[in-house]
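Heads up: the structure comes next, in structure tokens.
Along the sequence shown, residues are numbered consecutively beginning with 1.
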Amino acid sequence: MFLQTLITEKINNNPGYVDSCAQRIFERTKLKIKEDTVAYNTPIQNYGKKNLTDVSYSKGMLFFYLIYKRIGEKSFLQLMNQFISKYKNSGATIRQFSEFMKSNHKTELGPIVNDWIVTNHSSKQIMSSKTLKSLLQLQHF
């Protein structure tokens, strides 16, 4: 979802589109995990096992948005290009993706990967944040 939104912003020359979409996703995700204890308590890496694909798209979009905002567009696109190049023929597991993200960037991405992919700490962060901006400030890089 994030890359689709970013491409739409760039193609349509619509600055702020990514931010406005991320804000809507943040609000919708916050409502969903407030109402659904399974979604709240399940880390992204287990969403498929629990049939939580709708939440995986929403939280996934927020995960990529937070990284994008922290490391910047150029670094983000380089990182995604490296990942896609490495796994384009074989595909990658969520574990491989997590390890790649943790080990392949000058900025330490381990905490956000753990909070958003490996544990359910992101749910706690979302629920304690009043705004998307305050959620971004909670990310420790």
Show me, pair by pair, the donor-acceptor contacts under 3.5 angstrom made by side chains of residues 33-42, not counting sequence neighbours?
{"from": "D36", "atom 1": "OD1", "to": "V38", "atom 2": "N", "distance (Å)": "3.0"}
{"from": "D36", "atom 1": "OD1", "to": "A39", "atom 2": "N", "distance (Å)": "3.1"}
{"from": "D36", "atom 1": "OD2", "to": "K32", "atom 2": "NZ", "distance (Å)": "3.4"}
{"from": "N41", "atom 1": "ND2", "to": "T37", "atom 2": "O", "distance (Å)": "2.9"}
{"from": "T42", "atom 1": "OG1", "to": "V38", "atom 2": "O", "distance (Å)": "2.5"}

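Nearest approach of E108 to G110, heavy atoms of both residues: OE2-N, 2.8 Å. Nearest heavy-atom pair across S58 and M1 is N-SD, 4.3 Å.
Rounded to the nearest 0.5 angstrom, L79 CG and Y68 OH are separated by 13.5 Å. Atom CD1 of residue I126 and atom CG of residue L135 lie 6.0 Å apart, to the nearest 0.5 angstrom. Separating the CG atom in L62 from the CD1 atom in I25 is a distance of 7.0 Å, to the nearest 0.5 Å. For the atom pair CG of L138 and NE2 of H121, the computed distance is 7.5 Å after rounding to the nearest 0.5 Å. With rounding to the nearest 0.5 Å, the separation of CZ in F83 from CE in M101 is 8.5 Å. In this structure, CD1 on I71 lies 11.5 Å from CG on L66, to the nearest 0.5 angstrom.
Between K124 and D115 no salt bridge is recorded (no basic side-chain N to carboxylate O distance below 4.0 Å).
With hydrogens and angles disregarded, a donor-acceptor distance shorter than 3.5 Å links the side chain of S128 to the backbone of Q125. Here the side chain of T29 pairs no donor or acceptor atom with the backbone of F26 at under 3.5 angstrom. Between the side chain of R70 and the main chain of L136, a donor-acceptor pair closer than 3.5 Å is present.
In this structure, the side chains of L6 and L77 come closer than 4.5 Å at one or more pairs of heavy atoms. Contact check for Y57 versus F2: no side-chain heavy atoms found under the 4.5 Å cut-off. Counting heavy atoms from C-beta outward, F76 and I67 have side chains that approach closer than 4.5 Å.
Residues that satisfy the salt bridge (Lys or Arg N to Asp or Glu O under 4.0 Å) test with K30, not counting sequence neighbours, are absent from this structure. Every residue was checked against the salt bridge (Lys or Arg N to Asp or Glu O under 4.0 Å) condition with E27, not counting sequence neighbours, and none meets it. Residues forming a side chain to side chain donor-acceptor pair (under 3.5 Å) with N114 (at least two apart in sequence, or on another chain): K102. Every residue two or more places apart in sequence or in another chain that forms a side chain to side chain donor-acceptor pair (under 3.5 Å) with S123 is listed here: K59. Residues passing the side chain to side chain donor-acceptor pair (under 3.5 Å) test with T131 are S134, sequence neighbours excluded. Qualifying side chain to side chain donor-acceptor pair (under 3.5 Å) partners for S129, counting only residues two or more places apart in sequence or in other chains: none. In this view, Y47 satisfies the ring-ring contact (aromatic ring centres under 6.0 Å, His included) rule with no residue, not counting sequence neighbours.
Applying the side chain to side chain donor-acceptor pair (under 3.5 Å) test to residues at least two apart or on different chains, the pairs with a partner in residues 4-13 are K10-E73. Contacts classified as side chain to side chain donor-acceptor pair (under 3.5 Å) and involving residues 79-95 (residues at least two apart or in different chains) are given here: T93-Q96.
Of the candidates N46, I117, V118, I117 is the only one forming a side chain to side chain contact (heavy atoms under 4.5 Å, CB included) with I94.
Under a 4.5 Å side-chain heavy-atom criterion applied to ILVMFWY residues, the cluster that includes I7 comprises I11 as well.
Under the 4.5 Å side-chain heavy-atom criterion for Ile, Leu, Val, Met, Phe, Trp and Tyr, Y17 and L3 are members of distinct hydrophobic clusters.
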